[in-house]
Every structure is written in structure tokens, then in C-alpha cells.
Asks: 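Below is one structure. I have some questions about it.
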Amino acid sequence: PMRAVIPLVAGIMHMPRGPFWVANIASAVVWAPMLLFAGSAVADAAERLIGAAHAFVLVFGGLTLFAVAGVVWAALRSVRPKR
């Protein structure tokens, strides 16, 4: 979440565009491979433990349950009376 907010903060603080672009591109060059490595490591571990087809179904199902839990949590929170 922080990476998505930093450009907004940089704009609010009137950061010069040149240094912002350099920092933004440098952070993307570091951030993207880190995410790819983490996903690859999780996929390799899951494939070794339960097989490739089952790993896909398990990860997709887990992400779906996580999303549904988030929606339910938000709905319950909005219904709760404010104090």
C-alpha cells in the first residue's frame, strides 16, 4: 500500500519531477523482481508439496476466500452502530 501512496505524497510536497522519476523507476526496478521472486518461490514450494495443478487451485481458492472474507468484514463493519 505504501508504494501506491508515495507518488501522491510527492505531488503534495511539490517534489521536483526529475528526482521523483529517478526514484520511482529505481524502486520499480527493485520492487518488481522481488515480487516475482516471492511468487516463484511460493509456486515452487507448493508444486513440490502438492503438485502443480493442485497448487493453482489451492492458491486461487485461498485468494478467493481472502477476498470474500474482506468483503464480509467490510459489510459487517459498515452495519455496526457508530458510537
Side-chain angles (χ1 to χ4, degrees):
M2 184 179 278
R3 179 153 164 65
V5 175
I6 289 175
L8 177 65
V9 174
I12 290 170
M13 296 184 70
H14 301 287
M15 182 177 183
R17 288 187 179 154
F20 170 76
W21 279 104
V22 170
N24 195 32
I25 291 170
S27 68
V29 167
V30 172
W31 188 250
M34 286 175 50
L35 289 177
L36 290 172
F37 174 73
S40 179
V42 169
D44 288 345
E47 186 175 333
R48 273 183 270 152
L49 292 174
I50 58 176
H54 292 108
F56 175 77
V57 170
L58 188 64
V59 169
F60 186 73
L63 290 174
T64 301
L65 287 175
F66 185 72
V68 168
V71 169
V72 169
W73 176 77
L76 290 174
R77 190 165 181 208
S78 69
V79 172
R80 189 173 16 173
K82 308 258 191 254
R83 293 180 190 192

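Predicted model only: the values in this text are computed from it and were never measured.
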Asks: Linking I/L/V/M/F/W/Y whenever their side-chain heavy atoms sit closer than 4.5 Å, directly or via other members, would V68 and L76 fall into one cluster?
Replies: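 Yes.
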
Asks: Can I get a per-line list of side-chain donor-acceptor pairs under 3.5 Å for residues 27-36, giving both atom names and the distance, sequence neighbours left out?
Replies:
{"unit_1": "S27", "atom_1": "OG", "unit_2": "R3", "atom_2": "NH1", "d": "2.8"}
{"unit_1": "S27", "atom_1": "OG", "unit_2": "A23", "atom_2": "O", "d": "3.3"}
{"unit_1": "S27", "atom_1": "OG", "unit_2": "N24", "atom_2": "O", "d": "2.9"}

Asks: Between side-chain atoms of residues 10-21 and protein atoms elsewhere (two or more places apart, or another chain), which donor-acceptor pairs fall under 3.5 Å?
Replies:
none

Asks: Name all residues meeting the side-chain contact (heavy atoms from CB on, under 4.5 Å) criterion together with V79; count only those two or more places apart in sequence or in a different chain, and write none if there are none.
Replies: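 For V79, no residue satisfies side-chain contact (heavy atoms from CB on, under 4.5 Å) once neighbours in sequence are set aside.
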
